[in-house]
Each structure stands twice: as structure tokens, then as C-alpha cells.
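Here is the naming used below: chain letters follow the sequence lines, and residue numbers restart at 1 for every chain.
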Amino acid sequence: MNKRVVIIVLVIILIAGIALYMTASPELPADMLNTTSGAPALDEDAAVFDEFDDSLAGLS
Amino acid sequence: MKKENVFFSVFVMILLMGSLVAAAGSSTGALRVPDAPKRATSAVSAEAAAACETHATTRERIRCRIEAKAEVNSIEESCRTLSADKRDACNEFQKRAGPCYDVAAREKSLCLRRHAGLGEGQLNRFADEDRRKYAALLLYELQERVELKQEQGALTADEAAELIDMIVEMKRLLLSNAPISDVREKMAAFKVEWRTAMAANV
């Protein structure tokens, strides 16, 4: 096979891979972050309030 | 090996390595969120800060520090009513959490959790005392946001002082093991004040 063709195919695969990565990177839903795994992103004010409420849930 | 083949082999290896780098980034990059706007630090005037100590109430001291552009040491405020040994521990605990506020949003919550003795996941499986500490650290995050908004002109010094005073009171309640119902009551009032202040200054 012509090497130039192989290079072009590899470049196309690489570009397609990057494009796929950029568009389809899975982001965990906020509720999942808040409850079952990890910790929430404290970006919005509301997220801080929610985390605060969660931290005190069930305490007396 | 022919010169042409060497060039071809190097090119293919570069492409493969590039793919590996992209794959490695996906394990952390997707969850990364931008930092919350960082508050500009003002020059601390020791004299101005000291003068603010002469005010009788917490709110007056806070307002004084805001207007003097002195560092608002609310950490100390929330620890002041504790016994001497607890006060030092309280100060130290909150002081050591400082670096957590400079990291990105998700890393920030993880950092604050770790600092309070908590881990990832559901919070109700952790010790009550540690959860109280974590809540107090989250309140400091809110305080930073109030100070930032005041510096940006979105809040007046009065509004900021009132909000921070409420934050200090909640921290005080949390760290002195006051009933959580009292904290919730204060938080409900704080949210109303927060929304009112934000709506009035949009």
C-alpha cells in the first residue's frame, strides 16, 4: 500500500477520534455526583447551598 | 533502513503517542469545571484591621474590614466564643483549609471534604462532627462569594456585612454543637437575604 495513503488514513482516524472525544465525553449527572459517587462541583451558588443542606441532612 | 522508512516510522509513532495522550486526558478532563471567580486580594492594612477590632458587634467589625479593604478574618470571628483550646483548634482548622478555596470547583469540594475528615459519596455515612466541620467550610466558600460580589460592586458594604454576619453566626452554631434546627433556621433566613440582595443588584 502506498505509504502516503496510510498516513492520510491515520490522520483521518486521529482527527475523527479527537472529534468523537470532544463531542461524546460523558459527563456525570449532577445528582450522581451529589449522592452516589465523588463530590459535587461547587461552581454555582446553588451547588454550594445544596451541598451544605446535604452535609447536615439527618443531623440534630 | 531507508531514510523514507525512518520518516514514516517516526510519523506513525508520533500519531500513536498523540492518541495515547488524548486517551489519558479523558479520565479526568470531562469532570473538570472552571474555577469559581477568584476574589482579588486587597492589600492588608494591619492598622486598619486592628482599628476594626474596636467595634462592638461582629457585623460592625466585618463592615469595617470590608470598607478598609482589610482581610476579613471571619474565621476568627466564628471561633471567638469558643473556649481557649477549642478556639485555637477552630482557627487552625479553618486556616489550614485555605488552599482548598483556590482549586477548581469539584476539586474544591473534595479538598474541603478531606480536610473535614470526610470522603467522597453520600455524606450521611460520615461522623456528625465532621459533617458540621464540612458545613462550616462550605459557609466560608459562600463568604468568599459575598466578598467577591461586593468587590465587583454587585453588593454594597452593608449588604455584604449583613450576609457575612449571618454566615459567621451559622459557623458559630455549627462549631459549638448547637442544634442543627437553629442552623437550618439561620440558613433559611440567609437564603432569603442572599436572593433579595442578588435580585436588587442585578
> Check this for me: B/Glu185, atom CD, are more than 12 non-hydrogen atoms of other residues, nucleotides or ligands nearer than 6.0 Å?
no
> Are more than 12 heavy atoms, taken from residues, nucleotides or ligands other than B/Lys149, located less than 6.0 Å from that residue's NZ atom?
yes
> Any chance you could measure A/Ser55, atom OG, to B/Leu112, atom CG, to the nearest 0.5 Å?
11.0 Å
> State whether the side chain of B/Ser109 and the backbone N or O of A/Ala41 hold a donor-acceptor pair below 3.5 Å, judged by distance alone.
no
> How about A/Phe49 and B/Leu142: do any of their side-chain heavy atoms sit closer than 4.5 Å?
yes
> Assess whether atom CD of A/Glu44 is packed by more than 12 heavy atoms of other residues, nucleotides or ligands within 6.0 Å.
no
> Chain A heavy atoms under 4.5 Å from B/Leu174: which part of the residue, side chain, backbone, both or neither?
side chain
> To the nearest 0.5 angstrom, please state how far the CE atom of B/Met170 sits from the CZ atom of A/Phe52.
5.5 Å
> Counting only N and O atoms by type, is there a donor-acceptor contact under 3.5 Å from the side chain of B/Arg132 to the main-chain atoms of A/Leu59?
no
> Quick one: closest heavy-atom pair of A/Ala39 and B/Arg106, and the distance?
O-NE, 3.1 Å
> To check you understand the geometry: which heavy-atom pair defines the closest contact between B/Ala135 and A/Leu56, and what is its length?
CB-CD2, 3.7 Å
> Would you indicate whether the side-chain heavy atoms of B/Lys191 and A/Asp45 approach each other to under 4.5 Å?
no
> Please flag which part of B/Phe126 lies under 4.5 Å from any non-hydrogen atom of chain A: side chain, backbone, both or neither.
neither
> Does a side-chain N-to-carboxylate-O contact under 4.0 Å join B/Arg113 and A/Glu51?
yes
> Taking all non-hydrogen atoms of both residues, which atom of A/Leu42 and which atom of B/Glu141 are closest, and how far apart?
O-OE2, 4.4 Å
